[in-house]
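Have a look at the structure below before the remarks.
As the structure is a computational prediction, the values presented were derived from the model and not from experiment. By convention here, the first residue in the shown sequence is residue 1.
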Amino acid sequence: MDWVPIVFGIFKLGVLGVCMFFAIKWHYDKDKEEAQRKKEEAQMNSEASGL
């Protein structure tokens with residue numbers, strides 16, 4: 001039964017690694033989406049003022 005803490009530790013590190021990956025990816029995607037939204041908004045404002 002000495003292997004149980006080792007297996008649980010490896011599992012815990014794996015789960016934490018996957019969670020960190022998805023957290024970083026989520027924040028990166030949100031920033032990218034916000035930048036795209038601001039770009040489209042600026043483009044719409046410039047088109048509206050040009051009319």
In short, His27 meets Ala23 closest at the heavy-atom pair ND1-O, 2.9 Å

Would a 4.5 Å heavy-atom cut-off, applied to side chains only, mark Lys25 and Asp29 as touching? yes

Which atom pair, heavy atoms only, marks the closest approach of Ile6 to Asp2? CD1-O, 3.9 Å

Find out if a path of hydrophobic residues (ILVMFWY) with successive side-chain heavy-atom gaps under 4.5 Å connects Ile10 to Val7. no

Salt-bridge present (Glu34, Lys30; N to O < 4.0 Å): no

Against Gln36, only a single residue in Glu40, Lys32, Lys38 fulfils side-chain hydrogen bond (donor to acceptor under 3.5 Å, both in side chains); can you say which? Glu40

To the nearest 0.5 Å, what is the distance between CH2 on Trp3 and CZ on Phe8? 7.5 Å

